[in-house]
Amino acid sequence: MSMTFDFPYPSQRMPVMARNMVATSQPLASQAGLRMLMQGGNAVDAALATAIALTVVEPTGNGLGSDAFAILHDGKGLHGLNASGRAPAAWTPERFAGQEAMPERGWDAVTVPGAVSAWVSLSERFGRLPFEALFEPAITYADKGYAVTPIIAQLWANGARVLKEQPGFAEAFMPEGRAPKAGELYSNAAMGRSLRLIAETRGQAFYSGELAEKMVAFAGRHGGALSIEDLASHEPFWCETVSKDYHGVEAHEIPPNGQGIAALIALGILEHTSVYDHGVDSVAGLHLQIEAMKLALAEVYAHVSDPETMEIAPEQMLAPDYLKARAQEIDPKKAGDPGHAIPRPGGTVYITAADASGAMVSFIQSNYQGFGSGVVVPETGISLQNRGSGFRLDANHPNSVGPRKLPFHTIIPGFLTRGGQPLTSYGVMGGPMQAQGHVQMVLRMLDYGQTPQTASDAPRWRVTGGRRVAMEQTFPAETLDGLRALGHVITVEPPEAAFGFGGAQLIHRMDNGIYIAGSDHRKDGQAVGF
């Protein structure tokens with residue numbers, strides 16, 4: 001009997017509650033993290049095993065060539081990690097002269113991948129289990145195969161249509177001349193070998209050894225600029241978070257070069273509006289949220305870049321008087337157009353984990369735009385991100401392309417504390433949706449008292465440029481009509497496009513110390529605990 005993977009009926013998930021928890025966008029990866037917790041590992045071990053497994057079981061959103069960011073509370077304090085990679089040293093503006101925009105695919109979109117360095121750094125500083133143990137689930141799935149899940153199969157087919165001609169892509173991800181279908185087994189022995197090398201050498205093989213040499217040689221054969229020096233000089237860095245008080249809770253993001261500050265700007269603007277007085281899905285409340293998000297995104301696209309080249313400090317962007325003044329620009333009866341750039345879609349995975357000691361981890365890694373650059377290094381399974389496409393070619397913009405610069409980044413882990421103590425770790429996947437999703441999750445949980453699962457299940461909106469707003473089909477017709485009456489140009493996206501609104505994962509610590517988690521139906525998400 002053949003089985004169809006159609007899902008015609010709406011479903012309502014229940015939140016998961018436990019003392020130890022892992023949540024991510026693919027069930028096998030969630031279980032990999034849970035295995036670490038049950039073997040005596042902590043939340044960091046669980047998050048890392050999950051992240052490593054995701055490079056195998058969800059290649060549509062991430063891979064060994066990803067970048068990564070993390071915010072974690074170890075029970076004593078909050079820590080941020082930026083493991084995004086820099087542009088190759090040969091990426092001068094002259095290299096891209098005559099082009100209208102940065103390439104989105106191929107080697108000229110590839111910056112130094114940072115995810116492997118994040119795994120090493122987090123494990124060394126906070127992990128409890130041996131580094132090699134974190135790789136065991138991923139290696140098993142790479143060697144023996146796994147059944148491809150339905151949503152990932154759909155994204156895989158979408159990516160294959162666009163990327164099949166990119167160097168190495170078809171060999172790695174189209175084993176029978178096509179993308180694997182839902183329920184089919186997929187294995188990647190080359191990736192399994194690379195995972196072993198990374199585990200055995202604690203990342204050295206990736207940045208200066210055998211795998212680095214293969215990446216550089218492949219780049220050279222296809223006109224890429226990536227060098228051994230570019231890889232060997234890469235270092236992730238620990239950082240303070242940038243934060244904003246919101247209704248008695250501290251909301252935290254990684255500071256630029258990421259877009260996380262947009263969520264804080266929007267929350268800061270909303271504090272000076274009447275959003276709290278309106279119903280959770282009311283037209284008036286949604287209008288204020290959308291308008292605040294437009295203003296925040298305008299700020300981010302104008303100013304965020306490599307921290308060393310930013311002309312406006314994050315503190316200035318979050319100054320209370322400034323946020324109050326921006327809030328006054330919102331017309332409660334009319335949609336505005338502050339003129340931010342039109343964002344592009346993305347592909348990302350998000351992981352959150354928490355343990356009985358009180359430690360919580362918010363971790364995100366991504367290849368961007370679904371399989372990233374499309375470049376896959378032969379005999380390694382290393383699929384490379386296309387974060388270079390985040391640069392601009394305008395020489396007067398702080399985010400203009402340049403040697404060894406960090407590009408503008410979309411991936412952002414979110415974190416809430418109350419009085420400095422860990423409260424919620426959360427993330428929303430999907431390129432420009434991420435900061436917008438963070439705002440919607442925070443408001444639903446803090447202002448309207450929704451559980452992480454309810455906040456995840458709820459319909460979402462997404463600003464797409466100008467007065468245009470994409471809305472999920474599950475919003476009531478009267479809500480859509482009400483927003484149109486205010487001047488919003490509404491596009492209703494069907495269920496099969498739900499992943500464009502980003503899969504969310506959330507873990508919240510309740511007053512009794514038990515965690516409650518939510519996972520998203522827009523991807524193949526699962527929260528597990530014990």
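Values reported hereafter were calculated over all heavy atoms of this structure, with side chains retained and with hydrogens, waters and symmetry mates removed.
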Partner of [X] by side chain to side chain contact (heavy atoms under 4.5 Å, CB included), out of [options]:
| X | options | value |
| --- | --- | --- |
| Arg460 | Met441, Glu493, Arg444 | Met441 |
| Tyr515 | Arg509, His508, Met17 | Arg509 |
| Lys405 | Asn257, Asn399, Thr111, Thr309 | Thr309 |

Give a yes or no on whether [X] atom [atom1] has more than 12 heavy-atom contacts from other residues, nucleotides or ligands under 6.0 Å away.
| X | atom1 | value |
| --- | --- | --- |
| Arg178 | CZ | yes |
| Glu240 | CD | no |
| Gln99 | CD | yes |
| Phe237 | CZ | yes |

Taking the six-membered ring for Trp, is the centroid-to-centroid distance between Tyr301 and Phe408 below 6.0 Å?
-> yes
Is a side-chain donor-acceptor pair under 3.5 Å present for [Y] with [X]?
| X | Y | result |
| --- | --- | --- |
| Glu104 | Ser389 | no |
| Tyr146 | Gln26 | no |
| Ser366 | Tyr350 | no |
| Asp447 | Tyr246 | yes |
| Arg387 | Ser373 | no |
| Glu58 | Asn62 | no |

For residues [X] and [Y], determine if any side-chain heavy atom of one lies less than 4.5 Å from a side-chain heavy atom of the other.
| X | Y | value |
| --- | --- | --- |
| Trp91 | Asp108 | yes |
| Ser519 | Arg13 | yes |
| Met429 | Arg522 | no |
| Leu72 | Leu122 | yes |
| Val249 | Val442 | no |
| Gln526 | Gln31 | yes |
| Lys244 | Glu271 | yes |
| Asn386 | Asn367 | no |

Heavy-atom closest pair (Tyr322 atom, Gln316 atom, distance to 0.1 Å) is CD2-O, 3.9 Å
Would you compute the distance between atom [atom1] of [X] and atom [atom2] of [Y] and round it to the nearest 0.5 angstrom?
| X | Y | atom1 | atom2 | result |
| --- | --- | --- | --- | --- |
| Met360 | Thr424 | CE | OG1 | 6.0 Å |
| His287 | Ile290 | NE2 | CD1 | 8.5 Å |
| Leu295 | Ile269 | CG | CD1 | 4.5 Å |
| Gln440 | Gln289 | CD | CD | 6.5 Å |
| His247 | Arg418 | NE2 | CZ | 13.0 Å |
| Thr348 | Leu54 | OG1 | CG | 11.5 Å |

Donor-acceptor contact present, side-chain Gln436 to main-chain Val463, <3.5 Å |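 Checking the backbone N and O of Val463 against the side chain of Gln436, a donor-acceptor pair under 3.5 Å is found.
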Please work out whether the ring planes of His73 and Phe415 are parallel, tilted or perpendicular, with thresholds of 30° and 60°.
->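 Judged by the thresholds at 30° and 60°, the geometry between His73 and Phe415 is parallel.
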Would you call Lys324 and Asp321 a salt bridge, taking side-chain N to carboxylate O under 4.0 Å as the test?
-> no
How far apart are the C-alpha atoms of Gln259 and Ile412, what are their side-chain angles, what is the distance that settles it, and do they pass the side-chain contact (heavy atoms from CB on, under 4.5 Å) test?
-> CA-CA 7 Å; Gln259 67 166 326; Ile412 51 172; 4.0 Å; yes
